[in-house]
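For the single chain, residues carry numbers from 1 onward in sequence order.
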Amino acid sequence: MAVRACGLIIYRRLQPAATSKAADSIEYLLLQTSYGTHHWTPPKGHVDPGEDDLQTAFRETQEEAGLQPSQLTLVEGYRKELHYPVHGKPKTVVYWLAEVKDCDTEIKLSEEHQAFQWLKLEEACKFAEYEDMQAMLKEVHQFLCSKE
């Protein structure tokens, strides 16, 4: 039985300079874990009994980054499952995409994380060491740019 976790890819749009493309104004939120290899990841966590996947994603985002569901806009049409082994056991992580309504919203980390960064796509891919995470961030970016 695979371990199941859910999370949100959080992004914000900065006010773009008149000369820049809208895509250049998008930044993604990554959190650095305070355990293990201190890897960078979007907020995510294990599904609690009785919870559906999307409830888990919102709860974990609230616990790990201090973002309330009311501060976010869920983006319709994007859902991604990643599958990878952790300590020799299969893990499934389901992600949705959400935009912070106010790009100045304060991030409040839990003890599970020691740092956070808002990063443009290229930087976010450097911080996210895992290939599937990098691929997902690029896919999200394409998805957002195609909606403009």
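Within a 6.0 Å sphere centred on CD of Q114, heavy atoms belonging to other residues, nucleotides or ligands number more than 12.
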Show me the side-chain donor-acceptor pairs of residues 64-72 shorter than 3.5 Å, one per line, residues at least two apart or across chains.
residue	atom	partner	partner atom	Å
E64	OE1	K44	N	3.2
Q68	OE1	Q62	NE2	2.9
Q71	OE1	Q68	N	2.7

Could you pull out all donor-acceptor pairs under 3.5 Å where a side-chain atom in residues 124-136 meets a protein atom, sequence neighbours excluded?
residue	atom	partner	partner atom	Å
K126	NZ	E123	OE2	3.4
Q134	NE2	C125	O	2.9
Q134	NE2	A128	O	2.8

Can you give me every donor-acceptor pair (side chain of residues 75-86, partner residue at least two apart or in another chain, under 3.5 Å) with its distance?
residue	atom	partner	partner atom	Å
Y78	OH	E139	OE2	2.9
R79	NH1	E81	OE2	3.4
R79	NH2	E81	OE2	3.1
K80	NZ	E139	OE1	3.3
E81	OE1	H83	NE2	3.3
H83	ND1	T92	OG1	3.1

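In this structure, E27 contributes its side chain and L119 its backbone to no donor-acceptor pair below 3.5 Å. With S25 contributing its side chain and R13 its backbone, the two residues share no donor-acceptor pair below 3.5 Å.
R12 has its side chain out of reach of E99: every pair of non-hydrogen atoms, C-beta onward, lies at least 4.5 Å apart. The shortest side-chain heavy-atom distance between F116 and L30 does not fall under the 4.5 Å cut-off. Taking the side chain as every heavy atom from C-beta outward, C6 and V47 approach each other to under 4.5 Å. When side chains are defined from C-beta on, I10 does not count as touching P42, because their heavy atoms never get closer than 4.5 Å. Side-chain contact between E63 and L109: absent, with no pair of heavy atoms (C-beta onward) separated by less than 4.5 Å.
The list of side chain to side chain donor-acceptor pair (under 3.5 Å) pairs with a residue in residues 45-58, not counting sequence neighbours, reads R4-D53, D48-R59, E51-T56, E51-R59.
Taking CH2 of W40 as the reference point, atom NE2 of H113 lies at 9.5 Å (rounded to 0.5 Å). Here the CH2 atom belonging to W96 is positioned 5.0 Å from the CG atom belonging to L54, to the nearest 0.5 angstrom. The CG atom of L74 sits 7.0 Å away from atom CG of L8, with the distance rounded to the nearest 0.5 Å. To the nearest 0.5 Å, atoms CD (E122) and NE2 (H141) are separated by 10.5 Å. Rounding to the nearest 0.5 Å gives a distance of 13.5 Å between CG of L137 and OH of Y11.
For the salt bridge (Lys or Arg N to Asp or Glu O under 4.0 Å) test, no residue two or more places apart in sequence or in another chain qualifies with K91. When the side-chain contact (heavy atoms from CB on, under 4.5 Å) test is applied to D104, the partners found at least two apart in sequence or on another chain are D102.
Clustering ILVMFWY residues whenever any of their side-chain heavy atoms sit less than 4.5 angstrom apart, transitively, puts I26 in the very cluster that holds I9. Each of Y28 and V100 belongs to its own hydrophobic cluster when Ile, Leu, Val, Met, Phe, Trp and Tyr are linked at side-chain heavy-atom distances under 4.5 angstrom.
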**Report entry** Chi angles and distances behind the side chain to side chain contact (heavy atoms under 4.5 Å, CB included) call for L97, L144
**Finding:** CA-CA 10 Å; L97 182 58; L144 290 173; 3.7 Å; yes
Query - side chain to side chain contact (heavy atoms under 4.5 Å, CB included) evaluation trace for W118 with I107 - result: CA-CA 10 Å; W118 286 104; I107 303 300; 4.0 Å; yes
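Pairing each heavy atom of L14 with each of C103, the nearest pair is CD2-SG, 4.3 Å.
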